[in-house]
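Since the structure comes first, as structure tokens, the remarks are kept for the end.
Model, not experiment: these values are computed from the prediction. In what follows, chains are A, B, ... by sequence order, proteins preceding strands, each numbered from 1. Keep in mind that the numbers below use all heavy atoms, side chains included, and drop hydrogens, waters and symmetry copies.
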Amino acid sequence: MSMIDCQLVFNVENREYVDLDLYRSRGGYGALAKVLAADPRESVYVLKEAGLKGRGGASFPTGLKIEMVRSNQEQERYIIINADEGEPGTFKDRYIMTHLPFQLLEGVTIAAYLAGASRGILYVRHEYDEPRSVMRESIAQAKRAGLLGENILGSGFSLDIELFSGAGSYLCGEETALLSSIEGRKGRPQVKPPYPTQQGLWGKPTLINNVETLSNIPKIMEKGALWYRSLGTEDSPGTKLISLSGDIRFRGLVEVPFGASFRDIVYEYGGGPKPGRKVKAVNIGGASGVLIPEEMLDVPLEYGACARAGITIGSGAVFVLDDTRSILDNVSNRINFFLHESCGKCTPCREGLRQAQIIMEKLIAGQAVMKDVQNLERYTRVMQNASFCGLGQAAGNSVISSLHYYGEEYCSRCKDGEEDLYGEESA
Amino acid sequence: MAMVEITINKRTISVPENITIMEAAKLNGISLPSLCNHPDQKVKANCRVCAVEVEGVKNLVASCSTKIAEGMKITTNSPRVRETVRTIVELILADHPQECLTCIRSGECELRQLAFKLGMKEVQGVKNTKRLPLDFSTPSLVRDPNKCIKCGRCAEVCHHVQEVGILYSHNRGLDIGVTPEYGKELKDVACVLCGQCVLACPVGAIYEKDETDKVWEALGDPDKHVVVQVAPSVRVSIAEEFGRPSGSIATSKLVSALRLLGFDRVFDTDFAADLTIMEEGHELLQRLQTGGVLPMITSCSPGWIKYIEHFYPELLPHVSSCKSPQQMFGAMAKSYYAKISGIDPKDIYVVSVMPCTAKKYEAARPEMRDSGYRDVDAVLTTRELGRMFKHEGIDFNSLEDGEFDLPLGISTGAAAIFGATGGVMEAALRTVYEVVTGQTLEKLEFEGVRGMEGVKASSVDLGGTEVKVAVAHGLAHAKQIMEAIAAGEADYTFIEVMCCPGGCIGGGGQPYGTTNAVREKRIQGLYEVDQKSEFRKSHENPAIQKLYADYLQAPLGPVSHKLLHTTYTNRCQHELQ
């Protein structure tokens with residue numbers, strides 16, 4: 001049996017779920033009814049037992065986050081659905097919103113109920129016109145069917161969800177920057193603590209979750225924690241949506257149970273490189289992710305194993321570069337992206353990226369010397385160590401990982417690059 | 001206070017809970033570097049030069065924004081921390097004009113000091129050579145965006161201390177900048193020119209418009225009779241420029257140093273402050289007796305005047321028509337003093353030394369020419385005067401004591417406390433009380449209007465009549481009172497407003513390092529000057545009595561009206577457009 005055929009969380013072939021009646025006829029909103037009838041504490045327990053972690057990149061335990069909002073004394077609470085999917089090469093949330101809107105809305109409603117939030121904001125990436133209109137229509141349909149709005153399914157629980165459109169900033173996917181932008185301020189990250197679960201939107205406790213995370217919840221509630229855990233591994237239960245792109249035969253969205261290897265993802269799901277070509281590098285986790293060589297593809301898709309191997313799963317983007325591609329071009333492209341998207345607030349990110357861009361350009365033009373490469377490494381390391389938010393901390397990942405695995409490409413571009421990048425130490 | 005145990009650099013220590021790593025380190029003898037942090041502002045954590053290691057945390061953390069926790073193990077001295085901090089400073093330096101030798105901030109620049117402290121030998125990053133235009137548009141301030149390190153301290157004070165909010169951190173990435181809206185010049189926005197941003201700035205990105213060359217030129221001109229006036233608050237701050245503790249009283253040395261600079265006469269703005277009390281006190285009485293607009297609000301602070309002209313023009317009738325002491329002095333110097341000294345007023349050049357950048361703007365206002373000439377020709381801030389003294393090699397601290405020249409150098413303790421928040425109110429009450437009751441005021445100290453609280457409300461018994469007064473300093477607090485007046489909820493008779501926190505002792509022209517703690521010390525200095533004064537009530541100033549007898553005749557009289565009172569302008573931009 002192909003893994004794609006088995007019953008998973010998303011069943012990405014089921015595009016007809018954009019129809020509410022059909023979604024309900026196949027068991028949709030059963031989980032919500034079940035949750036509304038049960039003790040919320042038990043439902044939160046199920047989520048924690050299932051081991052669901054945030055899919056936006058930080059992989060924070062979802063049940064714990066809901067509990068943190070739920071236990072707050074303040075009664076006015078918010079839920080924010082982070083649909084500001086800006087990580088280059090990532091299109092899972094777009095897919096969910098466009099094709100599985102009710103699965104998302106059901107998950108949102110359950111999470112809001114458990115967290116005790118009665119107002120929600122769906123923060124949609126500026127460029128996502130189609131997902132936005134599908135969600136707008138789906139919210140209206142759900143409301144008409146008594147699945148949103150006042151007194152949902154006669155339970156006494158009410159939830160309103162409004163749409164908020166981002167304005168094109170990558171950084172606004174970062175939760176405190178996102179909050180700032182909703183409140184009408186500059187989309188820049190804020191000092192944590194207080195965390196949004198303590199003081200979020202308008203200073204009120206706020207549950208912020210990624211689209212994919214929330215869309216996992218109905219199935220977990222319907223089939224239970226044990227079923228969910230049976231899908232993945234002990235370390236990382238469940239599945240992950242992987243956005244496959246680059247130099248492979250089949251590009252697109254696939255749902256992969258945790259534990260599969262990146263080799264499976266690239267060769268089984270993605271069909272491997274195009275005929276006659278070889279995989280040179282795989283970029284995992286989008287622009288903020290790392291570059292790994294073909295030899296490392298046996299690492300399993302699993303939070304613990306990836307962390308040990310220095311891989312950040314991030315949003316789940318997998319981008320393949322074949323042997324026609326230049327590593328330096330790819331890295332330079334990503335540095336330019338981050339320089340454009342950096343908010344400029346903190347020194348390491350703003351100034352580190354300025355220097356990194358200059359050095360990358362020098363390298364590509366063949367004007368660099370080895371000292372430049374050493375500086376590039378130092379600047380990106382400092383960005384990673386000391387930047388204010390995740391953007392700056394991750395912006396140098398492509399440099400750091402590619403220097404590690406493809407150091408010779410850097411050295412060969414240097415005017416004095418015969419010597420080994422790491423001197424005697426690596427001998 | 002509950003204590004927690006933490007470890008800093010392998011040494012276990014006990015510190016109060018709920019403080020930051022930076023504060024905990026400070027308590028244990030380690031000053032961590034910082035550029036964006038300011039003791040009177042909220043934590044921004046932008047600059048990242050205070051990064052330290054915390055065991056169990058993957059990345060470094062900013063010590064200014066990270067609270068300690070029981071058992072936390074902090075390392076501030078590892079190679080990793082050192083490399084990080086030095087690299088961040090290197091990155092800032094690569095973006096920073098290397099013009100330190102000719103920079104107005106020079107040795108007092110926090111970035112330069114930090115670079116020195118870290119022993120920065122080399123900047124390996126590629127230097128940013130892009131240059132943006134400087135903003136010279138106002139008489140008070142110069143903005144040099146090229147030197148800005150984007151710490152956000154200026155915008156913070158503009159928005160949260162003054163609530164004027166004209167400086168914004170805008171754009172993103174490399175385009176980030178801190179400027180007025182849409183990159184406008186300062187003259188085109190509602191900037192009140194208070195200069196609090198100058199005090200907040202760690203580098204030379206915003207500073208006073210230097211007038212020392214003008215003054216050097218006047219001093220070198222044999223045809224000019226150059227007189228200088230010194231504001232009350234400068235005597236308790238100028239010594240800081242020469243390494244003395246904050247609040248040191250240096251009146252006599254200041255006079256001697258000014259004489260060494262070559263001024264023909266060294267006079268005192270305090271003289272004019274006493275004159276202000278005479279005029280303003282009587283204006284208040286007149287308003288009370290004739291049913292004039294109340295509450296009456298003081299008009300000494302030019303930043304405050306510009307603020308109300310921009311933001312509450314409908315409340316301008318509340319503002320006293322009295323000119324500020326600086327301008328009263330200028331008008332008297334070029335009329336009364338010209339007459340008694342027999343010098344043609346066109347040859348008199350008036351320099352004032354002020355704690356204030358807005359005073360430069362005030363002196364240039366078109367209304368301030370009632371003597372027939374520009375009443376005040378040049379305005380120096382405390383910092384500029386310090387630079388002039390240093391330029392001349394004046395060994396300030398070892399000078400012999402000097403005394404102000406007569407008669408515009410005679411003043412009272414009431415005038416001295418003008419420099420502290422509540423001081424104008426207190427000085428006015430001392431005089432108004434005696435004028436109204438005809439009795440001698442026994443206790444001169446009005447404690448209810450003293451201190452650093454933002455809005456101080458008090459009431460005074462004027463011979464059976466209870467008069468409610470209020471004092472605000474810092475424009476955010478002034479705004480609270482203006483809102484109350486606009487809402488009809490302020491039943492005060494008299495209100496003192498000072499633009500800057502702490503009053504003039506905390507003005508934007510004062511020495512760098514003016515924090516709230518420093519402000520309190522300078523205020524103490526001024527109260528000490530008052531205590532030691534021979535005269536402590538403005539109306540008892542013999543030189544003022546003689547001025548009225550010989551020249552002005554009576555407060556609010558026709559001569560006073562022409563020379564000592566002024567009008568205001570509606571600067572509300574919404575209405576103008």
Worksheet item: Between A:Ile358 and chain B, which part of the residue has a heavy atom less than 4.5 Å away: side chain, backbone, both or neither?
Response: side chain
Worksheet item: Can you say whether B:Asn128 sits under 4.5 Å from chain A via the side chain, the backbone, both, or neither, judging by heavy atoms?
Response: side chain
Fill in: Closest non-hydrogen atom pair, A:Gly168 against B:Arg172
O-NH1, 4.5 Å
Worksheet, complete the sentence: Looking only at A:Arg188, A:Lys371, A:Glu341, the option with the highest number of non-hydrogen pairs under 4.5 Å against chain B is A:Arg188
Worksheet item: With respect to chain B, which residue among A:Lys186, A:Gln190, A:Lys362, A:Met383 yields the maximal number of heavy-atom pairs within a distance under 4.5 Å?
Response: A:Lys186
Worksheet entry | Heavy-atom proximity to chain B below 4.5 Å, by part of A:Ser387 | backbone
Worksheet item: Under a 4.5 Å heavy-atom cut-off, does chain B meet the side chain of A:Asn385, its backbone, both or neither?
Response: both
Item to complete: Give, as side chain, backbone, both or neither, the part of B:Lys44 having an atom under 4.5 angstrom from any heavy atom of chain A.
Response: backbone
Practice prompt. Below 4.5 Å from any heavy atom of chain A, which atoms of B:Ala45 appear? Answer side chain, backbone, both or neither.
Written response: both
Discussion item. Tell me whether B:Arg48 contacts the main-chain N or O of A:Cys346 through its side chain, where contact means a donor paired with an acceptor under 3.5 Å.
Written reply: no
Discussion item. What part of B:Ile149 gets within 4.5 angstrom of chain A, counting heavy atoms only: side chain, backbone, both, or neither?
Written reply: backbone
Worksheet item: Between A:Arg378 and B:Thr87, do the side chains contain an N or O donor and an N or O acceptor separated by less than 3.5 Å?
Response: yes
Worksheet item: Which region of B:Ser169, side chain (C-beta onward) or backbone (N, CA, C, O), has a non-hydrogen atom less than 4.5 Å from a non-hydrogen atom of chain A, or is it both or neither?
Response: both
Fill in: Top of A:Val191, A:Leu353, A:Leu171, A:Ile359 for chain B proximity - count of heavy-atom pairs under 4.5 angstrom
A:Val191
Discussion item. Could you check whether any side-chain heavy atom of B:Glu83 comes within less than 4.5 Å of a side-chain heavy atom of A:Arg381, counting everything from C-beta outward?
Written reply: yes
